[in-house]
Amino acid sequence: MTILKLVIRRSLMSVVTLLLVSLIIFSMLEVLPGDVASRILGRDATPETLGQLRTELGLDKPAPVRYLSWLGGLVTGELGQSLVSSRPVEEILAPRIFNTVLLSAYAFLIYLPLTIIPALLQALNRDRSVDHAFSVVTLVLLSVPDFLLATILLLAFVVMIPLLPAISLVDQSSSAWEYFRAMTLPALTLAIVMAVYAVRMLRDNLIEVLDSDYIRMAELKGLSRRRVLLRHALPNALVPTLNVTALNLAYLVGGVVVVEKVFSYPGFGSLLVDSLQLRDLPVIEATVMISAFVYVVANLIADVAAILLNPRLRTG
Amino acid sequence: MSVDTLSAPPGRTRSRWTSLPSLWRQTPLSFRIGLIVLVAHLLVAATGQFWAPYGFSQMGTGRPLSGMSWTHPFGVDQLGRDIFSRVVHGSHIVILLSLSGTLLGLIVGAVLGLLSGYVGGWIDEVLQRFLEALISIPFLVLALIAIAAAGPELAGNPVLIVLVVALVYAPRIARMARSVAVDIATRDHVTVARLRGESAWSVMRRELLPNATSVLLVEFALRAGYAPVLIGSLGFLGFGLRPPTPEWGLMISENRALIIVTPITVLGPGLALASLVVGLNLFTEGLARILGRTVKLGVQ
């Protein structure tokens, strides 16, 4: 009962947060100087054409009314029209979101072994040279910005060992193999950035678990080292790492902006940068709302998982 | 990394403070390395303009794209500008913008967070929801829309970059400061101050702030460590400082097309940026250890 209450309360808070996000984005982008109509018309603007376009776009209505109709559109999935291409925003977004989801899934697949293997190696060789070496490597990688890491990977796998394409342009006609080749470098970049945080966390968790009484018990029972490690230590050490993984998902939403741009991958992140350059307001608003939505949901899942996994709450 | 954790802050006994070398030896190794890297960067930033071989926008310093050499350690770009000199000239820009942006974010965040946590009630609740909403927008996305909202007249203005860094950091720092304030607010000395009839502002300044110093110090170092990356990312995407400003992220973006011909023109500024962040991260980790706190590097 209490668990259900906690989960519902936490979910309602997420809804409130998202409403506030929409209010912040709307006021930042719409109330600030220069409205959409003058931006569309640019230098050709005369008071008459401006007035006409404003009525057409509904800009003559007061800001609260416009906010509510925009919010209504967000909920029903009608996101308006692009100012640049006049196509419906949801039509522009759909393939971009598909590409980014695909890229993120690929990145997560690389991320898991990239996190678990180094962390296991470190925990098993605690305070020996392997552990120190990985600590130094993760610390340095932690300090390398994603756009620089992407550029270095590009240098390594495109220029020095020409294996992969430098530009990851794909569209609906691309084959699965083309997609795979195009996504490898951006996915690898994202996976490394995410793994670096998680390795440091998982190493510490593993060491803490390996020191615990039940692991010593398992060892004393004569279980094989492998079994102790994989069946007893790792699952327990992974639970606190869940939170980092949720944080990583949140990073991914921002990270794709830079990484997709570096590799010209036609995803959601590069759409945001392009629409910002073109000042295509409806597209900007929709993409920012979606990125906040993913962030909020990722955090919600992490918190709910923590509530469900907490044995003290389970008994209620 | 060494694991010589210090359980108590060094120099609790007065006599240890007297000798600087012994104090230095007591600090964690990461702190020492970080500090050395940072001091080197600060020295370059402060004195670079006087000894950099060429000006930051001086063209024709060598054969364009001629690569690494003794006279041009980081190579020469398409316009014949010496990249090493540009990196040196850019140093104080990157450091100044990072520190002032983080400092502004720290001041705004600390004041908001501490007051909110102390005052409590509906003001606290509303402010928390609002800050939570700001944090929910990925920080790079928030920075980008803030720059878009500021309009084309302000784009590329260093003041805008400082304000954007502060806008991104303030909510995150406020959340941290608030949790400290909530913790301290129930202590006796705060209750006494309140019963004395002191205003919330004065309680915050005299009772809460001194107790939150170590948390805020670590928070500042942590955020400052990421600020050069944020500024670099904005420059890289074309939303930061304008060319020909020798900002490192912008330089990496400008020279990226030349990476096949002269990789060093990208790796040079990259090395400068990464080493500054490594220094700041090591410094932060060491500082946290000295102050008896734990810090999760890199978690935004």
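Within every chain, numbering begins at 1; the chains are lettered A, B, ... in the order of the sequence lines, protein sequences first and strands thereafter. In what follows, every heavy atom counts, from backbone to side chain, and hydrogens, waters and symmetry copies are set aside.
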Using a cut-off of 6.0 Å, state whether more than 12 heavy atoms not belonging to [X] lie near its atom [atom1].
{"X": "A/Glu208", "atom1": "CD", "answer": "no"}
{"X": "B/Gln128", "atom1": "CD", "answer": "yes"}
{"X": "B/Met176", "atom1": "CE", "answer": "no"}
{"X": "B/Ile36", "atom1": "CD1", "answer": "yes"}

Looking only at non-hydrogen atoms, find the nearest pair between [X] and [Y] and report the distance.
{"X": "A/Val21", "Y": "B/Ala133", "answer": "CG2-O, 3.4 Å"}
{"X": "B/Pro138", "Y": "A/Ala292", "answer": "CD-N, 4.4 Å"}
{"X": "B/Ile145", "Y": "A/Leu29", "answer": "O-CD2, 4.1 Å"}

Engaged part of [X] at the chain B interface, taking heavy atoms whose separation is under 4.5 Å:
{"X": "A/Ile152", "result": "side chain"}
{"X": "A/Leu20", "result": "both"}
{"X": "A/Ile284", "result": "side chain"}

Chain A heavy atoms under 4.5 Å from [X]: which part of the residue, side chain, backbone, both or neither?
{"X": "B/Ile147", "value": "neither"}
{"X": "B/Phe130", "value": "both"}
{"X": "B/Arg256", "value": "side chain"}
{"X": "B/Leu144", "value": "both"}

If you round to the nearest 0.5 Å, how far is [atom2] of [Y] from [atom1] of [X]?
{"X": "A/Leu148", "Y": "B/Ile252", "atom1": "CG", "atom2": "CD1", "result": "5.0 Å"}
{"X": "A/Phe147", "Y": "B/Leu273", "atom1": "CZ", "atom2": "CG", "result": "5.5 Å"}
{"X": "A/Ile25", "Y": "B/Ile137", "atom1": "CD1", "atom2": "CD1", "result": "4.5 Å"}
{"X": "A/Ser143", "Y": "B/Leu282", "atom1": "OG", "atom2": "CG", "result": "7.0 Å"}

* Given the options B/Gly225, B/Gly279, B/Ala274, B/Pro228, which has more heavy-atom pairs under 4.5 Å with chain A than any of the others? ->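 With the most close heavy-atom pairs to chain A, the winner is B/Ala274.
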Tell me, out of [options], who's got the most heavy-atom pairs with chain B below 4.5 Å.
{"options": "A/Val273, A/Asn299, A/Val262", "result": "A/Val262"}
{"options": "A/Val257, A/Val144, A/Val253", "result": "A/Val257"}
{"options": "A/Leu23, A/Leu272, A/Val296, A/Leu155", "result": "A/Leu155"}

* Asked: Judged by atom type as modelled, is there a donor-acceptor pair below 3.5 Å linking the side chain of A/Arg279 to the main-chain atoms of B/Ala148?
  ->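 The answer is yes, because a donor-acceptor pair under 3.5 Å joins these two groups.
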